[in-house]
Amino acid sequence: MKSIPVLLIGCGGVGRQLFDHIVACRSLHSKQGIALRVVGVCDSRSLLAVNDIVNSELKDDLLKEICKIKSSGSSLSSLMDLGQCQIFKDSEARKKVIDIASLLGRSTGLVLADCSASSETVELLKQGIDLGCCIVLANKKPLTSKIEEFDKLTSDFRHIRFESTVGAGLPVIASITRVLSSGDPICRIIGSLSGTLGYVMSELEDGKVFSFVVKEAKRLGYTEPDPRDDLGGMDVARKALILARLLGQRINSEDIKMTSSTMVFHCLIEKLERKLQWLLLKEMSYDMCV
Ligand SMILES: NC(=O)C1=CN([C@@H]2O[C@H](COP(=O)(O)OP(=O)(O)OC[C@H]3O[C@@H](n4cnc5c(N)ncnc54)[C@H](OP(=O)(O)O)[C@@H]3O)[C@@H](O)[C@H]2O)C=CC1
Ligand SMILES: N[C@@H](CC=O)C(=O)O
């Protein structure tokens, strides 16, 4: 059985889903000959890590307890029963992550899974790469900052996975990578890249109120931590930038032209007005005929 150490950065909605998934897939992983060994988890302020980084792990019951604490909005440091673990705070937490990466990166290997929504993790990820770690990202920000950082993070393609940055669970990155490695060119990508906008638009079409629908999208975990990133087009722009860079375009976020959804709503309202006028005209001509 191959044991793969994992350290989770960011334990919000997505990070907790990852923990749930790891626990739910234990028997599947065992059939595949692997076992994911979670050695630590960070939130914005602290790191919870096992004392014996080389042999020990956060047990599944503790992972569930961590998810419960984090979904109640508390900090990791409010965990009561730490057992074989320790809490590190602020700069100490960051230093400890590097220590863990130095210890495991080139020996057993270590996966740094970035499920935060922070641009601050990029330095940590770059150091992780230098220390031989693999990085897995749901967070789009490290891949959408300066092109040099994208280059650094993707310098060894075997050491990075970022499938869920675009298309969530759909194999978008895998498909594109496969097409590119076959030597075929990709000229254009057309897609509906925002789960939030798709949901909001469908619900509006059903006649629901905008503010309610946005709150609902946030509650369901579709939106970014700040839903304005979705509604203003920034989230889609980040996804487009990741795809463009994957296709070899050396562009930055300033090169992406965005149309905010408020413009889209404007168009929708205009369309509705035109439809209403047309219905009124139809009604009037009907009245005149009878
Ligand atoms: N929602 C979705 O369907 C999808 C989301 N994503 C991406 O996943 C990421 C996470 O989204 P989501 O879970 O909704 O966000 P949340 O806001 O729920 O969670 C973010 C987590 O990151 C932690 N965090 C913030 N800054 C740092 C930092 N500097 N170091 C370590 N941890 C940090 C937060 O800590 P604290 O708890 O202390 O605040 C929190 O635990 C986003 O980048 C998003 O774009 C990707 C695919 C799909
Ligand atoms: N906020 C995003 C989540 C995934 O990246 C979306 O709505 O698609």
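Just follow the structure's listing: the first ligand is 1, and inside any ligand the first atom is 1. Because only heavy atoms are used, hydrogens play no part in the values below, and waters and symmetry mates are left out as well, while side chains stay in. One is the number of the first residue; the rest follow in order along the sequence.
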Review point. If you measure from each heavy atom of G195 to ligand 1, is any distance below 4.0 Å?
Key: no
Point to revise | Heavy-atom nearest neighbour of atom 5 (C) of ligand 1 within options L137, T121, I69, V14 | key: V14
Review point. Is any N or O atom of L197, backbone or side chain, closer than 3.5 Å to an N or O atom of ligand 2?
Key: no
Exercise for review: Return the set of residues passing salt bridge (charged side-chain N to carboxylate O under 4.0 Å, His left out) with D156 (not counting sequence neighbours), or none when no residue passes.
Suggested key: R158
Check your understanding: Going by the atom numbers of ligand 1, which of them fall below 4.0 Å from some non-hydrogen atom of K140?
Key -> 44 (C), 45 (O)
Practice item. Under the salt bridge (charged side-chain N to carboxylate O under 4.0 Å, His left out) rule, collect the residues that match up with E216, sequence neighbours excluded. Key: R219
**Study point:** Shortest protein contact, atom 5 (O) of ligand 2 (heavy atom only)
**Key:** K140 NZ, 2.9 Å
Review point. Which of these, S74, G13, A93, has its nearest heavy atom closest to atom 18 (O) of ligand 1?
Key: G13
**Study point:** ligand 1 contact on C115 by region, counting heavy-atom pairs under 4.0 Å
**Key:** backbone
Review point. Okay, side chain of D230, backbone of E224: is any donor-acceptor separation there less than 3.5 Å?
Key: yes
Exercise for review: Tell me which protein heavy atom sits closest to atom 3 (C) of ligand 2, plus the residue, atom name and distance to 0.1 Å.
Suggested key: Y222 O, 3.3 Å
Exercise for review: Run down the list G73, S116, A138 and name the one with the heavy atom closest to atom 24 (N) of ligand 1.
Suggested key: S116
Practice item. Check ligand 1 against S118 and write out every atom of the ligand that is under 4.0 Å from a heavy-atom position of the residue. Key: 26 (N), 27 (C), 29 (N)
**Study point:** atom 4 (C) of ligand 2: the protein heavy-atom neighbour that sits closest, reported with distance to 0.1 Å
**Key:** K239 NZ, 3.6 Å
Practice item. Using atom types as modelled and distance alone, determine if a side-chain donor or acceptor of E163 lies under 3.5 Å from a backbone N or O of A174. Key: yes
Point to revise | Shortest protein heavy-atom distance from atom 44 (C) of ligand 1, along with the residue and atom involved | key: E224 OE1, 3.3 Å
Study note, to complete from the structure: Heavy-atom proximity to atom 34 (C) of ligand 1 ranks first, among G169, S44, G221, for S44
Practice item. Please could you name the atoms of ligand 1 that G12 approaches to less than 4.0 Å, counting only its heavy atoms? Key: 13 (O), 16 (P), 18 (O), 19 (O), 21 (C), 40 (C), 41 (O)
Check your understanding: Of all the heavy atoms in S194, does at least one lie under 4.0 Å from an atom in ligand 2?
Key -> yes
Practice item. Decide whether an N or O pair under 3.5 Å exists between T196 and ligand 2. Key: yes
